[in-house]
Amino acid sequence: MHIPDPVLTPPFNITRSSHVVLSVRDLEASRTFYTDLVGLVVSDADSETVWLRGREENAHHSLVLRKGETPNCQRLGFRVQTEDDIHKAEAYFNSIGTEAKLVDVPYQGKTLQFRDAIGMPVELTASMPIRERMFMAYDQYRGASAQRIDHWQIQAQDVRKAFDFWHPLGFRTSEYTYSDGAQGQVDLWGVWMQRKGNPHDQVFTNGPGPRLHHFAYLLRDTADLMHACDVAGALGLGRRLERGPGRHGISGAMFLYFRDPDGHRIELFNTHYQHIDLEPPVAWSLDNPKRADQWGMPARAKWFNEATVFEGAAPVEPDLSVEAPTLERFLELTS
């Protein structure tokens, strides 16, 4: 399969994945989950919203919890380098017929909101208020002590369409999954895309979408992964552990996946590699079970089938047929 060469001079400069905005039913329960288990720090809070950040982050927030009747993901946020990039982005989206609007958002500088080609709600901002980095306040560590937000994964009804939208914006592909399609063609099932020099800021995988499959925070080391499991058990949250510990083939990360009180999925992980130099992406056949877990057992079917809906975007069935993995299929591929 041919993946186009990276776009090295995009129309504006996205620097990294920045923040996730979730709607939650019980604000206090969600706050407790993300502070006591995940280990995030509260930057600000009121009766309707909690703004949180990782321990090494000095930007005001990387996760926003908003009280609402219907759990969903309201928006995903990227940082751009300067406010001038906001204006360049607005002009670019106008030029390709994508509606974009400047809005006022608490604790953010100038912010531009739009929907991408598959309907995912996104915002760009160049600045946030600065808060103290807490990664050396070891006496205040809680739970997994999550350090910083890293990426998210999206179930996309059309992975190629999502790729074609984000590739011109400078997102480089580190890895992808494929299968042999009809009449000799190759189908693109997943693509790992990055702006900050590691394997991914965002991932698009085939499935009913757009939906947020998970968002991910980086931990310091393997011990924090094991400690998170112990803390979950001690807090009575052990059943919220959905998958792991394990090690991905794609990216090589060790991982855990938890579901929060509303079912939103968060990954806690470590051990990424650098992807800075210009190098070809790694291709994984869909028939290779090691792409998802180097160690053995596949995830439960719900890990593939369940995800968080986006506000104002009803999921659409994908063009590629989805077959949930089974133990029988896994054993067939690994025998």
Side-chain angles (χ1 to χ4, degrees), residues 1-4 7 14 17-18 20-22 72-78 93 96-99 113-124 150-182 185-195 199-216 248 250-251 257 263-267 281-286 291-292 299 301-325:
M1 168 174 284
H2 173 66
I3 298 293
V7 175
I14 295 176
S17 48
S18 168
V20 176
V21 184
L22 298 178
N72 60 34
C73 180
Q74 296 184 358
R75 201 161 297 276
L76 298 174
F78 287 103
F93 289 130
I96 65 171
T98 297
E99 181 181 357
Q113 294 183 345
F114 63 95
R115 289 183 184 268
D116 77 349
I118 62 170
M120 182 173 74
V122 183
E123 67 186 19
L124 309 176
D150 184 80
H151 66 269
W152 45 73
Q153 181 170 319
I154 307 303
Q155 282 197 339
Q157 68 273 31
D158 190 329
V159 173
R160 175 62 70 175
K161 190 174 184 179
F163 172 85
D164 289 342
F165 181 91
W166 291 99
H167 178 78
L169 303 184
F171 279 80
R172 292 169 49 195
T173 300
S174 61
E175 309 196 31
Y176 66 92
T177 58
Y178 70 93
S179 68
D180 296 325
Q185 72 177 16
V186 177
D187 293 327
L188 184 64
W189 282 75
V191 62
W192 280 247
M193 309 183 78
Q194 62 89 5
R195 284 292 295 163
H200 45 295
D201 283 280
Q202 63 180 350
V203 179
F204 295 99
T205 57
N206 184 70
R211 297 190 297 171
L212 173 64
H213 183 270
H214 71 265
F215 60 100
H248 289 309
I250 297 174
S251 84
Y257 291 90
H264 304 306
R265 183 182 290 111
I266 180 172
E267 179 186 17
V282 177
W284 292 82
S285 168
L286 206 64
R291 74 188 190 282
K302 70 176 185 178
W303 188 88
F304 293 92
N305 298 331
E306 297 178 7
T308 294
V309 299
F310 285 108
E311 186 174 69
V316 176
E317 290 297 318
D319 291 335
L320 298 178
S321 62
V322 180
E323 180 180 353

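Not measured: the values here are computed from a predicted model. Sequential numbering from 1 along the given sequence is applied to the chain's residues.
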Which residues share a side-chain hydrogen bond (donor to acceptor under 3.5 Å, both in side chains) with Asp116, sequence neighbours left out: Trp166
Min side-chain heavy-atom separation Ile250-Val203 under 4.5 Å: no
Roughly how far, to the nearest 0.5 Å, is CZ of Arg172 from CD of Gln194? 5.0 Å
Could you tell me whether Lys161 atom NZ has more than 12 heavy atoms of other residues or ligands within 6.0 Å of it? no
Just by distance, no angles: are the side chains of Ser174 and Trp192 close enough, under 3.5 Å, to form a donor-acceptor pair? no
Give a yes or no answer on whether the side chain of Gln155 reaches the backbone of Phe304 with a donor-acceptor pair at less than 3.5 Å. yes
Any sub-3.5 Å donor-acceptor pair from Arg211's side-chain atoms to Val309's backbone N or O? no
Is the distance from the ring center of Phe78 to that of Phe171 below 6.0 Å? yes
For His213, all residues meeting side-chain hydrogen bond (donor to acceptor under 3.5 Å, both in side chains), sequence neighbours excluded: Arg265
With Ala216, which residues qualify under side chain to side chain contact (heavy atoms under 4.5 Å, CB included), at least two apart? His151, His214, Glu267, Phe269
Heavy-atom side-chain contact between Arg291 and Leu286 under 4.5 Å: yes
Gln202 (side chain) donor-acceptor with Met193 (main chain) under 3.5 angstrom: no
Keeping Thr177 on the side-chain end and Trp284 on the backbone end, is there a donor-acceptor pair under 3.5 Å? no
